[in-house]
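Structure first, then comments.
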Amino acid sequence: MPTHPAQPRPLLLASGSSYRRELLRKLGLHFTAVAPDIDEAARPGEAAEDLALRLACEKALALAPAYPDHLIIGSDQVAALGDSRLGKPGTHEKAVAQLLRASGNTVTFLTGLCVHDAVSGVSHTGLDRCHVHFRRLDRDQIERYVAADEPYDCAGAFKSEGLGIALIERFEGEDPNALVGLPLIQLTEILKRFGIAVF
């Protein structure tokens, strides 16, 4: 595959997520995307921040043996409401239940990032925190939203890039891309450390 003039190394996105692929395309870099096979279960007592960062790194490292010449990007997101985590709901019923819990509350989306150089073995990491303040929502509003946006594969049952933006009062964070699944601001800075400049 031809490389971008500012891209001396092949780039691999360790993800099967269509959302992350679309986000990475914003940077105009050539890349391949492959879904890694890892266990995404939390360890006993593992903090949400630690889980997001660990899984991001495990995703990148899992593909290193098969892609020994690549820079590999891993990312993972954990949604936390108080001391509990809101995973990917998978079904309509679970999505509605998650959003009923989020109604009137603040959910923190933690997005871990790891860029691993399969040649040198060096990794650089980052973690983005975004606090999403949800409006007070009744069941009918939530039911209609879930039917329209089908956020079954999204942590917290919420798509900020879709109709889900109408569910929130405000969010506090440094990078709106991170809320979708890939912190591009941090990624751009990390790629520069490996000699890849978007501009």
Side-chain angles (χ1 to χ4, degrees), residues 11-25 31-67 70-99 101-102 105-118 121-132 146 149-162 164 173 175-184 186-187 190:
L11 202 60
L12 178 70
L13 177 63
S15 177
S17 166
S18 60
Y19 308 112
R20 291 193 176 100
R21 289 196 300 272
E22 287 302 313
L23 287 169
L24 187 53
R25 286 190 184 105
F31 68 93
T32 303
V34 177
D37 182 18
I38 66 164
D39 180 1
E40 297 190 22
R43 293 172 178 166
E46 188 172 28
E49 293 91 341
D50 296 335
L51 175 62
L53 194 53
R54 176 175 64 81
L55 293 180
C57 292
E58 287 186 2
K59 286 179 177 181
L61 292 168
L63 294 177
Y67 296 87
H70 286 65
L71 283 175
I72 306 173
I73 301 166
S75 185
D76 198 84
Q77 187 177 78
V78 176
L81 176 55
D83 293 330
S84 63
R85 293 172 194 152
L86 304 177
K88 297 175 183 178
T91 68
H92 181 93
E93 293 74 18
K94 289 180 180 178
V96 169
Q98 284 192 4
L99 289 172
R101 292 182 61 200
N105 290 310
T106 300
V107 177
T108 300
F109 289 81
L110 301 144
T111 308
L113 175 67
C114 176
V115 181
H116 176 72
D117 184 346
V122 171
S123 296
H124 290 290
T125 62
L127 182 72
D128 184 277
R129 292 176 180 83
C130 184
H131 305 287
V132 176
V146 171
D149 235 7
E150 299 183 343
Y152 308 132
D153 60 347
C154 301
F158 165 71
K159 292 183 183 181
S160 64
E161 73 278 20
D175 187 347
N177 299 289
L179 189 54
V180 182
L182 188 63
L184 294 183
Q186 289 191 31
L187 177 59
I190 291 174

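As the structure is a prediction and not an experimental result, all values here were calculated from the model.
The two residues D153 and K159 have their closest heavy-atom pair at OD1-CE, 4.4 Å. In terms of heavy-atom proximity, L179 sits nearest to Q77 at O-NE2, 3.3 Å. Contact record, K88 with A155: CG-N, 4.0 Å, taken as the closest heavy-atom pair. Heavy-atom minimum distance, V107 versus L81: CG2-CD1, 4.2 Å. G156 and L99 make their closest contact through O-CD2, 3.7 Å (heavy atoms, listed as atom of the first residue, atom of the second, distance). Shortest non-hydrogen contact noted between R101 and S84 is NH2-OG, 2.6 Å.
Side-chain contact between L71 and I73 is absent, with no heavy atoms from C-beta onward closer than 4.5 Å. When side chains are defined from C-beta on, K94 does not count as touching Q98, because their heavy atoms never get closer than 4.5 Å. Put simply, the side chain of C57 reaches to within 4.5 Å of the side chain of T125, judged on heavy atoms. Side-chain contact between S75 and P183: present, with at least one pair of heavy atoms (C-beta onward) separated by less than 4.5 Å. The shortest distance between side-chain heavy atoms of E40 and E58 does not fall below 4.5 Å. Under the 4.5 Å side-chain criterion, counting only non-hydrogen atoms from C-beta, L113 is not in contact with D128. Residues E22 and E161 fail the side-chain proximity criterion, which asks for heavy atoms closer than 4.5 Å. Side-chain atoms of Q186 and D175, non-hydrogen and from C-beta on, never get closer than 4.5 Å to each other.
For the pair T111 (side chain) and A178 (backbone), a donor-acceptor distance under 3.5 Å is present. No donor-acceptor pair closer than 3.5 Å links the side chain of K59 to the backbone N or O of D76.
Here L23 contributes atom CG and R21 contributes atom CZ; the two are 11.0 Å apart, rounded to the nearest 0.5 Å. The distance from the CG atom of N177 to the CG atom of L187 is 10.0 Å, given to the nearest 0.5 Å. Atom CG in L182 sits 5.0 Å away from atom CG in L184 (nearest 0.5 Å). Within the model, atoms OH of Y19 and SG of C154 stand 4.0 Å from one another, a figure rounded to the nearest 0.5 Å.
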